[in-house]
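See structure below.
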Amino acid sequence: MSQYQDILKSFNEQTELNSKIWYADNNKSLTDDNVGNVLMKPEVRKRLLEIAEEFIEYIKIDFFLTNVVMTGSLCNFNWSEFSDVDLHVYVDFSQFDKEDVEVYRELFSIKKTLFNTQHDIKVKGYDVELYIEDIDEQHYSSGIYSVLFNEWINEPKRQKVDFDKNVLKKKVISWMEQIDLLIDNNQDEDKETAKIRIEKLQDSLKKYRTGGLKKGGEYSYENLVFKFLRRNGYLDKLFDFKNDVIDKNLSLKETLKY
């Protein structure tokens, strides 16, 4: 089976939540009609709280913690081999002075990226990704679980998966071509020009996905395109090219001596 078919298959709904992460407190099934009785396995919850604590210590900034939550496909019925453990540290940004909020946002973003890059943490075989999230930020996932308080914030429900695979393929190819074209045309550009173009495309893709989530939810074409590009390596390809451009422009070639 081709990678394309593997990724398409990963969008299918499962009949139950992932049994590596969850258990039913009433000893029944992990189906959507029993989600109210489903809890996170104690050993998983304990480890995720330890990871969150390590992440918070890594940030080295005093702030009031509102919650630690898990979201994403492993909190839902669309989990697959491509799933990550999306662990979010909720912070009320109103605790910071207004003029400093954007500084904190940028610092948290940098710390998050560095932590995720420097660590290779897995829970039950799934990669763990850490995030800092403002409590006022809109979240469009239908499955959200409070690891800190051990309870569902949003209980997931199975959805009817209904999208045209050919339409999705065309949209994915269009974005892949944009990424390839940007990389091909900016190999020799100066750092600032290339960065502006890369960040503009990244921002467009982010807005594209957010708009889709807002209008059509997790099975909107926009969100599926984003997930597809992440799963086939194209988001990493764009991110790596940005780093390559920066490294190339900051390097100084050695002068040959004769």
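Quick note: numbers below take in every heavy atom, side chains included, and nothing from hydrogens, waters or symmetry partners. A quick note: this is a predicted structure, and the numbers were derived from the prediction, not measured.
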- Query: Between Trp79 and Glu16, what is the shortest heavy-atom contact and its length?
  - Reply: NE1-O, 2.9 Å
- What are the two closest heavy atoms between Pro156 and Leu17, and how far apart are they? CG-CD2, 4.1 Å
- Message: Measuring from atom OG1 of Thr31 to atom NZ of Lys157, what distance do you get when rounded to the nearest 0.5 angstrom?
- Response: 9.0 Å
- Query: Do the side chains of Phe55 and Ile59 get nearer than 4.5 Å, heavy atoms only?
  - Reply: yes
- Item | Candidate pair Asp164 and Lys169, rule salt bridge (Lys or Arg N to Asp or Glu O under 4.0 Å), full reasoning | CA-CA 9 Å; Asp164 188 315; Lys169 184 176 181 179; over 6 Å; no
- Item | Sidechain N-carboxylate O distance under 4.0 Å for Glu43, Lys46 | no
- Just checking, is any N or O donor in the side chain of Asn37 or Asn34 under 3.5 Å from an acceptor N or O on the other one? yes
- Message: As an exercise, state the distance from CD1 of Ile179 to CD of Glu177, rounded to the nearest 0.5 Å.
- Response: 11.0 Å
- Step through the shown structure and confirm whether more than 12 heavy atoms of other residues, nucleotides or ligands are within 6.0 Å of CG on Asn26. yes
- Message: Is the shortest side-chain heavy-atom distance between Asp86 and His88 below 4.5 Å?
- Response: yes
- Task: Would you check, one step at a time, whether the test side chain to side chain contact (heavy atoms under 4.5 Å, CB included) holds for Val225 with Leu229?
- Result: CA-CA 6 Å; Val225 166; Leu229 294 172; 4.0 Å; yes
- Test side chain to side chain contact (heavy atoms under 4.5 Å, CB included) applied to Asp127 and Asp120, step by step: CA-CA 7 Å; Asp127 291 329; Asp120 182 21; 3.9 Å; yes
- Task: Any chance you could lay out the side chain to side chain donor-acceptor pair (under 3.5 Å) test for Tyr126 and Asn18, step after step, and finish with the verdict?
- Result: CA-CA 11 Å; Tyr126 296 100; Asn18 191 305; 2.9 Å; yes
- Return yes if some donor-acceptor pair links the side-chain N/O of Asn223 with the main-chain N/O of Glu218 below 3.5 Å, else return no. yes
- Task: Verify the neighbour count for atom CZ of Arg47: are there more than 12 heavy atoms of other residues, nucleotides or ligands below 6.0 Å?
- Result: no
- Backbone of Asn76 reached by a side-chain donor or acceptor of Arg158 within 3.5 Å: no
- Does any donor atom in the side chain of Thr193 or Asp190 lie under 3.5 Å from an acceptor atom in the other side chain? yes
- Query: Is a side-chain donor or acceptor of Lys41 paired with a backbone partner of Ser19 at a separation under 3.5 angstrom?
  - Reply: yes
- How many angstroms lie between atom CD1 of Ile51 and atom CD1 of Ile56, to the nearest 0.5 angstrom? 12.0 Å
- Evaluate the side-chain proximity of Phe115 to Ile121: yes if any heavy-atom separation is below 4.5 Å, no if none is. yes
- Ignoring hydrogens and angles, tell me if any N or O in the side chain of Asp134 forms a donor-acceptor pair with the backbone of Asp136 under 3.5 Å. yes
- Message: Check this for me: Glu99, atom CD, are more than 12 non-hydrogen atoms of other residues, nucleotides or ligands nearer than 6.0 Å?
- Response: yes
- Residues Glu222, Phe226; criterion side chain to side chain contact (heavy atoms under 4.5 Å, CB included); working and verdict: CA-CA 6 Å; Glu222 293 87 349; Phe226 184 89; over 6 Å; no
- Task: Tell me, yes or no, whether the heavy-atom count around Lys215 atom NZ, taken from other residues, nucleotides or ligands under 6.0 Å, exceeds 12.
- Result: no
- Query: Do side-chain atoms of Ser109 reach the backbone of Arg105 as a donor and acceptor pair under 3.5 angstrom?
  - Reply: no
- Which distance, rounded to the nearest 0.5 Å, do you find between the CG of Leu168 and the CG of Leu8? 6.0 Å
- Query: Does Leu201 reach the side chain of Arg197, with side-chain heavy atoms less than 4.5 Å apart?
  - Reply: no
- Query: Taking all atoms of both residues into account, what is the closest heavy-atom pair of Asn186 and Leu182, and its distance?
  - Reply: ND2-O, 2.7 Å
- Message: One pair to check against ring-ring contact (aromatic ring centres under 6.0 Å, His included): Trp175 and Tyr208. What are the steps and the verdict?
- Response: CA-CA 11 Å; Trp175 277 99; Tyr208 177 76; 5.1 Å; yes
- Query: Just checking, any donor-acceptor pair under 3.5 angstrom between side chains of Asn67 and Ser146?
  - Reply: yes
- Item | Derivation and outcome, side chain to side chain contact (heavy atoms under 4.5 Å, CB included), residues Met70 and Ile21 | CA-CA 11 Å; Met70 178 174 159; Ile21 308 295; 4.2 Å; yes
- Between Ser174 (side chain) and Lys170 (backbone), is there a donor-acceptor pair under 3.5 Å? no
- Item | Side chain Glu129, main chain Val85, donor-acceptor under 3.5 Å | no
- Item | More than 12 heavy atoms of other groups within 6.0 Å of Lys122 NZ | yes
- Task: May I ask you to say whether Lys237 pairs ionically with Asp180, meaning some side-chain N is under 4.0 Å from a carboxylate O?
- Result: yes
- Lys191, NZ: over 12 other non-hydrogen atoms inside 6.0 angstrom: yes
- Task: Flag the pair Lys242 / Gln202 as yes when at least one side-chain heavy-atom distance between them is below 4.5 Å, and no otherwise.
- Result: yes
- Considering non-hydrogen atoms only, spot the tightest contact between Met40 and Tyr23 and give its length. O-CE2, 3.4 Å
- Query: With side chains defined as the heavy atoms from C-beta onward, is the minimum distance between Leu87 and Val147 less than 4.5 Å?
  - Reply: yes
- Message: Ignoring hydrogens, what is the shortest heavy-atom contact between Ile144 and Tyr90? Give both atom names and the distance.
- Response: CG2-OH, 4.2 Å
- Regarding Tyr145 and Asn154, is there a side-chain donor-to-acceptor distance under 3.5 Å anywhere? no
- Query: Would you call Trp22 and Cys75 a side-chain contact if the rule is heavy atoms closer than 4.5 Å?
  - Reply: yes
- Query: Can the ring centres of Phe93 and Phe108 be said to be less than 6.0 Å apart?
  - Reply: yes
- Message: Distance to the ring centre below 6.0 angstrom and angle to the axis at most 45 degrees; does that hold for Lys111 and Tyr58?
- Response: yes
- Message: Taking the six-membered ring for Trp, are Phe63 and Phe96 closer than 6.0 Å centroid to centroid?
- Response: no
- Donor-acceptor contact below 3.5 Å, side chain Ser10 vs main chain Ile7: yes
- Are Tyr219 and Glu13 close enough, and set up right, to give a side chain to side chain donor-acceptor pair (under 3.5 Å), and what steps lead you there? CA-CA 11 Å; Tyr219 281 98; Glu13 289 273 281; 2.6 Å; yes
- Between Thr113 and Phe239, the two heavy atoms sitting closest are CG2-CZ, 4.4 Å
- Flag side-chain contact, heavy atom, 4.5 Å: Arg231 against Ser80: yes
